[in-house]
Amino acid sequence: ALLLATTSASAQLEDFVIQGATAERILEKNAISVDTAKRIAEVCATNARARDSQAAIAIVDQFGLLVYFERMDGIRGQTQVDAAIRKAKASLVTAEPSRAIFNRVQSGQISDYHWGRWYNAFKTPGGLPIIVDYQLLGAIGVGGSGFDEECGHQALTAVFGPQPPLLESQ
């Protein structure tokens, strides 16, 4: 059900991916562009500042490779930096919010060991898939803000249009 949830019908895939000779060079038509990734991070950072907070923001492509990363002033140490990247990658593994994995672990449906060991998935809320026109372009991971998942959701909504509602905690 979560895979079916995409951005609004007004979002066009070609507006958010690498085009032309660059796409031909990498043999990939669904590679999220750096400009798109920067816009997502900018919105999240603006929202964090508005709440007198800061965040580490990671945008990965559909292969889990880092496209853009922003560490706002005030993020201390390696923990939040790693958390943002790992949350994005965890969301990418299942093409759903990292909270979905967290909820399944909390409810006993899946084992924490299984997801952590075999998929290296960071089972913590704050990672969201980036899906446009039924194409998984990548994921965003946010760490350190105190409202990581909401920050990412607001950024995706601002850039792509309406997003699926955030999942509830279980």
Point to revise | Approximate separation, where rounding is to 0.5 Å, of Tyr68 OH and Ser33 OG | key: 12.5 Å
Revision key, fill the gap. Note: Arg99 and Leu167 closest approach over all heavy atoms is CD-O, 3.3 Å
Review point. Are Gln12 and Asp15 side-chain neighbours, meaning at least one heavy-atom pair lies under 4.5 Å?
Key: yes
Exercise for review: Might you point out which heavy atoms bring Pro97 and Pro129 nearest each other, and give the distance in Å?
Suggested key: N-CD, 3.7 Å
Point to revise | Donor-acceptor contact present, side-chain Asp61 to main-chain Phe63, <3.5 Å | key: yes
Practice item. Of all the heavy-atom pairs spanning Gly143 and Ala84, show the shortest one and how long it is. Key: N-CB, 3.9 Å
**Study point:** Closest approach of Gly126 to Ser98 (non-hydrogen atoms, all atoms of both residues)
**Key:** N-OG, 3.3 Å
Exercise for review: Any chance you could measure Gln80, atom CD, to Ile85, atom CD1, to the nearest 0.5 Å?
Suggested key: 12.0 Å
Sequence neighbours left out, cut at 3.5 Å: what donor-acceptor pairs do the side chains of residues 70-78 make with other protein atoms?
unit_1 : atom_1 : unit_2 : atom_2 : d
Arg71  : NE     : Ile75  : O      : 3.4
Gln78  : NE2    : Asp82  : OD1    : 2.9

Point to revise | CD1 on Ile140 to OG on Ser91, rounded to 0.5 Å | key: 10.0 Å
Review point. Roughly how far, to the nearest 0.5 Å, is the CD1 atom of Ile32 from the CZ atom of Phe16?
Key: 9.0 Å
Practice item. Could you check if a side-chain atom of Phe69 sits within less than 4.5 angstrom of a side-chain atom of Ile57, using non-hydrogen atoms only? Key: no
Exercise for review: With sequence neighbours left out, write down each residue that passes side chain to side chain donor-acceptor pair (under 3.5 Å) with Asn103, or none if nothing qualifies.
Suggested key: none
Practice item. Heavy atoms only: give me the nearest Ala58-Ala88 pair and the separation to one decimal. Key: O-CB, 4.1 Å
Point to revise | side chain to side chain contact (heavy atoms under 4.5 Å, CB included) assessment of Thr94 paired with Ile101 | key: CA-CA 8 Å; Thr94 58; Ile101 302 167; 4.1 Å; yes
Exercise for review: Taking the side chain as every heavy atom from C-beta outward, state whether Val60 and Val67 have any atom pair closer than 4.5 Å.
Suggested key: no
Point to revise | Main-chain N/O of Ala48 paired with Ser53 side-chain donor or acceptor, under 3.5 Å | key: no
Check your understanding: What distance do Leu128 atom CG and Glu150 atom CD have between them, rounded to the nearest 0.5 Å?
Key -> 11.0 Å
Review point. Should Leu156 and Leu166 be regarded as members of a common hydrophobic cluster, given that ILVMFWY residues are connected when their side-chain heavy atoms come within less than 4.5 Å of each other, either directly or indirectly?
Key: yes
Study note, to complete from the structure: Residues Arg104 and Ser107: closest non-hydrogen pair is O-OG, 3.3 Å
Exercise for review: Check whether any side-chain heavy atom of Leu136 sits under 4.5 Å from a side-chain heavy atom of Leu92, and report yes or no.
Suggested key: yes
Review point. Is it true that a side-chain atom of Thr157 and a backbone atom of His153 form a donor plus acceptor pair closer than 3.5 Å?
Key: yes
Check your understanding: In Å and rounded to the nearest 0.5 Å, what is the CD1 to SG distance from Ile59 to Cys44?
Key -> 8.0 Å
Check your understanding: Between the main-chain N or O of Phe147 and the side-chain N or O of Glu149, is there a donor-acceptor pair closer than 3.5 Å?
Key -> no
Check your understanding: Can you tell me if Lys87 uses its side chain to pair, donor with acceptor, with the backbone of Pro125 under 3.5 Å?
Key -> yes
Compile the donor-acceptor pairs under 3.5 Å between side chains in residues 18-28 and protein atoms, sequence neighbours left out, one pair per line.
unit_1 : atom_1 : unit_2 : atom_2 : d
Gln19  : NE2    : Glu14  : O      : 3.1
Glu28  : OE2    : Asn30  : N      : 3.0
Glu28  : OE2    : Gln62  : NE2    : 3.1

Review point. Is the number of heavy atoms from other residues, nucleotides or ligands within 6.0 Å of CD (Glu168) greater than 12?
Key: no
